[in-house]
Amino acid sequence: MAVIEAKNLTKRFRVADKKPGLWHTLKHFVNRRYRLIEAVREVSFSIEPGEIVGFLGPNGAGKTTTLKMLTGLIHPSAGRVAVVGQTPFQRRHDFLHQITLVMGQKQQLIWDLPAMDSLKINASIYRIDPVEATRRIDELAGMLDLGEELQQPVRKLSLGQRMKAELLAALLHRPRVLFLDEPTLGLDINAQASVRDFLRAYNRQYKATILLTSHYMADITALCPRVMLIHEGKLMFDGSLDALSARFAPYRELNLEFRHEIAREQLESYGEVESAGGHAASLIVPRDRLTHILDELRNGFDVVDFTVTDPPIEQVIGRLFRTGSLEAAAL
Amino acid sequence: MNRYFKTMRLFWTTSLAAEMEYRTNFLISSFTSLGNLAGSIFLIHLIFQRVPEIEGWSFDQSLLVMGFFTMLGGVANTVLRVNLSRIVQHVREGTMDFILLKPIDSQFHLSVRRFISWGIPDIAYGILIVLYAGMRLGLGPLEYAAALLPLAAGLVTLYSLWFMLGATSIWFVKVHNVTYVLSNLLAAGRFPIALYPVAMRLFFTFIVPVAFLTTVPAQAMLGRADWLWLIGAAVFAAVAFLASRMFWHFALRHYTSASS
């Protein structure tokens, strides 16, 4: 039984169509023109309990809009969505008790007070009795490596500590489904890693389902066995990370060592030169032409040694979004 | 229901704790409200030095109105202004999402989230003035009790109007000006409504119901309130409150379908 189920989920927004300048501002004031944009188009997927799914896509792809439909913050224009068996948009209290939303760029903790005060408020809102709340806070604080920090005003915490405290506040009611929008935004490498470790531990311990978006590929590779790729509102891919790179990155990295010194220009006709200098070079070549290119290189140069690797997933996704070759690649 | 009270208590104690970080504000505000009050009392004192009464209101009776006005102003400063002007901020900064995802009534959450001590001196002064005027007028406990219903109705009306204005920030992100206009119109409540020309009396009764906020409670205490007025005040409050809830749901529907 899926815990999140979306069927042909669609969201259209009406946006004002206004050109810049005073004249157009006046024209717009008198005669408003709108156009419809489809932020999310017929997206369907289903997520089983306990899964951690990474939600990928460039800015404006429709990730946040989808998350907002799943949490019930916005109403879908078409399609169906069910989370923990309920319709999110009704925002019934027993639904809200089972989900949480963490947004890396927004915070719910009271700025001037220790996080502990905000935690007590949340405990009261979610009807958690004080003894149980204290127990949960201790447990989560232990997992997050938070201690004294909970007693200091939030404004005095570092970004990493604050994010951990936000997570604690968002998880106090033990939600079954976690929606995380850029939970590691702006954190340094260490803080990112500890947030990641925590999420993995939380997922294991409570069998919680996690859907997360992130710009840091490291988050995705470390946490998500499954990824969904969304581009211009359409779901382009849903599957494992390996399958993603096989499908969207038909490239391999070819590292070569030559007997004689070699110049960059000499190699450019064989593939995309990543680096070249002295006796070594590395090339990006299409997967299906790998052996052919390798043969040609060995005919043309004195190749001492070579290795073939998959380019890192960060590069794959980065290239995908940069070149906009997503549609082409998906077809 | 118990949960709502408990949550509100936590909201208010944490707000006070946060405010204690800026303690001097409290002192300054208690002096400024004392100054404001002295000015207003001086003004009506001046008026009544020449005539014993105006339109059936004596100095002491007018003081009652002034007392209720000061009290309501205090309540407005303590909970209304600080919370309802925040709605704008929640919309602009996107933190409204957190409020909508909490399993507690969002109107309640927005309305009582904060509590600021600056208005407490006004509430205290207001009570003192009512007690002082009541003593001079020789009013007993029954008369005081008679003011409670219209006073409560006035508070609910004031809250509902303010909340609806605050809620319009869902559409017009900048509504500070609107609440500013409201506060200034409400300032008319410091004098008995009978002191105003007829046209303004109508305006302050039916458009911006200032009359219900301060004059009607004073009339009730003086035993002059028509039953009709008391019932009117209660009905007005109930309608305003229901309207605020309906309006909020309407606003939310818009928010949740328009925001990205």
Side-chain angles (χ1 to χ4, degrees), chain A residues 11-15 37 39-40 60 62 64-65 67-69 71-77 88-89 91-103 105-114 116-127 130 153-155 166 169-170 173 175 179 181, chain B residues 1-23 25 82-83 86 89-110 112-116 170-172 248-260:
Chain A
K11 181 68 193 177
R12 292 179 213 101
F13 288 116
R14 202 175 64 147
V15 293
I37 53 162
V40 175
T64 304
T65 307
L67 279 191
K68 286 193 166 189
M69 285 193 279
T71 48
L73 286 168
I74 58 178
H75 198 293
S77 310
F89 189 65
R91 288 200 301 276
R92 289 163 45 151
H93 287 183
D94 60 332
F95 165 73
L96 297 177
H97 270 279
Q98 299 186 62
I99 65 148
T100 201
L101 173 67
V102 176
M103 294 176 277
Q105 71 279 43
K106 293 174 196 170
Q107 56 162 21
Q108 62 164 321
L109 298 173
I110 305 169
W111 186 245
D112 282 321
L113 290 180
M116 195 55 97
D117 287 315
S118 300
L119 294 176
K120 284 192 177 136
I121 290 176
N122 276 6
S124 165
I125 289 178
Y126 286 100
R127 300 174 202 266
V154 171
R155 62 163 193 272
E166 283 284 334
H173 60 288
F179 297 99
D181 197 7
Chain B
M1 221 49 231
N2 180 32
R3 174 173 66 123
Y4 280 79
F5 280 120
K6 199 181 147 209
T7 306
M8 186 163 85
R9 204 192 68 223
L10 280 167
F11 279 157
W12 289 8
T13 48
T14 51
S15 280
L16 277 175
E19 201 195 318
M20 284 304 133
E21 304 261 315
Y22 314 96
R23 249 171 303 200
N25 275 339
V82 59
N83 283 303
R86 281 273 168 154
Q89 218 173 321
H90 286 305
V91 173
R92 198 183 310 159
E93 291 169 9
T95 42
M96 186 68 89
D97 294 347
F98 287 124
I99 288 168
L100 296 182
L101 291 185
K102 291 274 185 301
I104 198 162
D105 187 82
S106 56
Q107 182 174 357
F108 168 82
H109 193 287
L110 285 168
V112 303
R113 178 67 193 82
R114 273 171 190 78
F115 178 91
I116 283 211
I170 297 259
W171 292 273
F172 321 108
W248 179 237
H249 282 121
F250 172 69
L252 269 189
R253 263 209 305 282
H254 179 84
Y255 174 78
T256 52
S257 66
S259 73
S260 61

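Below, read A as the first sequence line, B as the second, and so on, with proteins coming before strands; counting in each chain starts at 1. Because the structure is predicted, anything quoted here is derived from the model rather than measured.
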Engineer: Can you tell me how far apart CG (B/Leu101) and OG1 (A/Thr71) are? Round to the nearest 0.5 Å.
Structural biologist: 5.5 Å
Engineer: If I compare all heavy atoms of A/Ile121 with all of B/Arg113, which pair ends up nearest, and what's the gap?
Structural biologist: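 Between these two residues, the closest heavy atoms are CD1-NH2, 3.7 Å.
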Engineer: Report the distance from atom CG of A/Leu101 to atom CG of B/Asp97, rounding to the nearest 0.5 Å.
Structural biologist: 7.0 Å
Engineer: Checking heavy atoms, do the side chain of A/Gln107, its backbone, both or neither come under 4.5 Å from chain B?
Structural biologist: backbone
Engineer: Let me confirm one number: the CZ-OG1 distance from A/Arg127 to B/Thr7, rounded to the nearest 0.5 Å.
Structural biologist: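 Interatomic distance, A/Arg127 CZ to B/Thr7 OG1, rounded to 0.5 Å: 9.0 Å.
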Engineer: Mind running side-chain contact (heavy atoms from CB on, under 4.5 Å) on A/Leu109 and B/Phe98 for me, showing each step along the way?
Structural biologist: CA-CA 10 Å; A/Leu109 298 173; B/Phe98 287 124; over 6 Å; no
Engineer: By a 4.5 Å heavy-atom criterion (distance strictly below it), what part of B/Arg114 contacts chain A: side chain, backbone, both, or neither?
Structural biologist: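 B/Arg114 has no heavy atom closer than 4.5 Å to chain A.
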Engineer: Please check if the number of heavy atoms outside B/Phe108 that lie under 6.0 Å from its CZ is greater than 12.
Structural biologist: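 Yes, the 6.0 Å shell around CZ holds more than 12 heavy atoms from other groups.
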Engineer: Could you go step by step and tell me if B/Lys102 and A/Asn122 meet the side-chain contact (heavy atoms from CB on, under 4.5 Å) rule?
Structural biologist: CA-CA 9 Å; B/Lys102 291 274 185 301; A/Asn122 276 6; 3.3 Å; yes
Engineer: Quick check: closest heavy atoms across B/Thr95 and A/Lys106, and the distance to 0.1 Å?
Structural biologist: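 Scanning both residues, the minimum pair turns out to be N-CD, 4.5 Å.
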Engineer: How many angstroms lie between NZ in A/Lys120 and OG1 in B/Thr13, if you round to the nearest 0.5 Å?
Structural biologist: 9.0 Å
Engineer: Within this structure, what is the CG-CG distance for the pair A/Leu119 and B/Leu10, rounded to the nearest 0.5 Å?
Structural biologist: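 So the gap between those two atoms works out to 11.5 Å.
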Engineer: I need the B/Asp105 CG to A/Ile125 CD1 distance, nearest 0.5 Å.
Structural biologist: 11.5 Å
Engineer: For B/Lys6 and A/Ser124, work out which heavy atoms get closest and say how close.
Structural biologist: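 Looking at all heavy atoms of both residues, the closest pair is C-OG, 4.0 Å.
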